[in-house]
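What follows is a single structure, written as C-alpha cells, with notes after it.
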Amino acid sequence: DVKVTQSSRYLVKRTGEKVFLECVQDMDHENMFWYRQDPGLGLRLIYFSYDVKMKEKGDIPEGYSVSREKKERFSLILESASTNQTSMYLCASWRGTGGPPSQHFGDGTRLSIL
Amino acid sequence: GNSVTQTEGPVTLSEEAFLTINCTYTATGYPSLFWYVQYPGEGLQLLLKATKADDKGSNKGFEATYRKETTSFHLEKGSVQVSDSAVYFCALTYTNAGKSTFGDGTTLTVKP
C-alpha cells in the first residue's frame with residue numbers, strides 16, 4: 001500500500017513565523033500536491049510538482065512556496081505565517097501510470113496560527 | 001474552468017436507509033471521476049472511481065456511474081451503516097497529471 005506521511009498532525013505557530021510542512025511518499029510517484037481544506041470550501045490546490053525541482057502554482061498559491069529536492073519529499077513553506085492560513089493541510093501523491101490511476105493522501109496537518 | 005458540485009450537507013440518515021449524494025461536474029475533455037471518503041481526524045481515502053463514460057465504480061456497497069450525457073457521478077448505497085458516517089468528496093481528475101478539482105464535501109451522519 002502507498003503511504004503518504006505528513007510530519008505533524010497538529011502544529012501551532014505564531015504570526016510572522018516561517019513554517020515548514022513536510023510530506024514523504026514511499027511509492028516513487030512523480031506527482032505530488034499540497035491542498036488546504038476549509039469547512040464549506042472543499043479542497044483547494046496550493047501547489048503541485050511533476051518531478052524533482054519542478055513546481056507549478058495551483059489555485060491559491062499566495063503566501064506559500066514549495067520545495068521538491070528529492071522525488072519522495074514535497075515541502076510546503078509558509079514564508080510569513082498569518083492567521084488566515086490557519087487550516088487543515090493535506091499532501092497527496094498521484095499514481096498516473098503502472099496501474100489504475102489514483103491519488104493517495106496523507107492524514108493531514110492541522111495548523112493553527114496565533 | 002472545471003468545477004464539481006455535490007449535495008450540500010449535512011445529510012442525516014437512519015441506519016439501513018438508502019443513500020444518494022449527488023455530484024455533477026463541468027469539465028472539458030474526458031476526466032476521470034472519483035469519490036473519496038474522509039473519516040474524522042484522517043486524510044482522504046479513495047472510495048471508488050470511473051475512468052470513462054458509462055463505467056460503474058463500486059466498493060464497500062457504494063456505487064456510482066459515470067454519466068457523460070448528464071455530467072453526473074452520483075454516489076449511492078442501498079443500506080447505510082453507522083460506520084459510514086464521514087465526509088464524502090466528489091472529484092474529477094485529468095489522469096495525465098493527477099490535478100484534481102474537488103466538490104465542497106458532503107457530511108453524512110448515520111444514526112442507529
Side-chain angles (χ1 to χ4, degrees), chain A residues 1-10 21 23-25 27 29-51 54-61 74 88-110, chain B residues 1-11 21-26 29-52 55-59 64 66 86-107:
Chain A
D1 255 6
V2 176
K3 187 140 182 77
V4 178
T5 304
Q6 295 184 230
S7 53
S8 305
R9 293 297 302 272
Y10 302 94
L21 302 183
C23 175
V24 177
Q25 52 97 0
M27 281 300 290
H29 289 171
E30 292 185 347
N31 299 356
M32 296 186 73
F33 306 83
W34 275 106
Y35 297 91
R36 64 177 280 177
Q37 181 182 6
D38 299 288
L41 297 178
L43 274 69
R44 292 180 291 167
L45 181 64
I46 305 171
Y47 266 97
F48 59 105
S49 169
Y50 292 133
D51 204 347
M54 293 183 65
K55 60 187 178 185
E56 289 198 27
K57 294 180 180 179
D59 300 318
I60 52 164
F74 191 35
M88 169 73 94
Y89 290 87
L90 292 168
C91 175
S93 71
W94 171 255
R95 180 177 68 189
T97 57
S102 59
Q103 190 157 97
H104 301 266
F105 285 85
D107 285 339
T109 296
R110 188 164 292 282
Chain B
N2 302 326
S3 66
V4 175
T5 303
Q6 59 182 99
T7 299
E8 191 169 328
V11 173
I21 301 177
N22 289 333
C23 171
T24 57
Y25 68 90
T26 301
Y30 304 96
S32 295
L33 301 175
F34 296 79
W35 277 101
Y36 292 89
V37 59
Q38 184 179 37
Y39 298 104
E42 298 183 10
L44 275 67
Q45 301 174 25
L46 177 65
L47 181 59
L48 54 84
K49 62 180 180 287
T51 57
K52 61 183 187 298
D55 270 2
K56 177 187 280 189
S58 61
N59 186 28
Y66 190 161
V87 183
Y88 293 81
F89 291 91
C90 183
L92 66 86
T93 303
Y94 291 94
T95 55
N96 58 336
K99 191 177 170 189
S100 302
T101 300
F102 289 83
D104 289 346
T106 301
T107 300

More than 12 heavy atoms of other groups within 6.0 Å of B:Y30 OH: no
Between A:Q103, A:R110, A:Q6, the one whose heavy-atom pairs under 4.5 Å with chain B are most numerous: A:Q103
Point-to-point distance, once rounded to the nearest 0.5 Å, from CG of B:L44 to CG of A:L43: 5.5 Å
Go through the steps to decide whether B:K99 and A:L45 satisfy the test side-chain contact (heavy atoms from CB on, under 4.5 Å), and finish with yes or no. CA-CA 9 Å; B:K99 191 177 170 189; A:L45 181 64; 3.7 Å; yes
Of all of B:G41, B:G98, B:G105, which one pairs up most often with chain A through heavy atoms under 4.5 Å apart? B:G98
Report the C-alpha distance between B:S100 and A:Y35 in whole Å, list the side-chain angles of each, state the deciding distance to 0.1 Å, and finish with yes or no for side-chain contact (heavy atoms from CB on, under 4.5 Å). CA-CA 10 Å; B:S100 302; A:Y35 297 91; 3.8 Å; yes
With only heavy atoms counted, which part of B:E8 is less than 4.5 Å from chain A, the side chain, the backbone, both or neither? neither
Between B:T51 and chain A, which part of the residue has a heavy atom less than 4.5 Å away: side chain, backbone, both or neither? side chain
A:F105 and B:L46: side-chain contact (heavy atoms from CB on, under 4.5 Å), yes or no, with the steps? CA-CA 9 Å; A:F105 285 85; B:L46 177 65; over 6 Å; no
Inter-residue atom distance B:D104.CG - A:R44.CZ, 0.5 Å rounding: 10.0 Å
Could you pull out all residues at least two apart from A:K57 that satisfy salt bridge (charged side-chain N to carboxylate O under 4.0 Å, His left out)? none
Checking A:Q37 against chain B: side chain, backbone, both or neither under 4.5 Å from a heavy atom? side chain
Partner residues of A:R9 under the side-chain contact (heavy atoms from CB on, under 4.5 Å) criterion, sequence neighbours left out: A:D107
Find the distance between CZ (B:F102) and CG (A:L41) and round it off to the nearest 0.5 Å. 14.0 Å
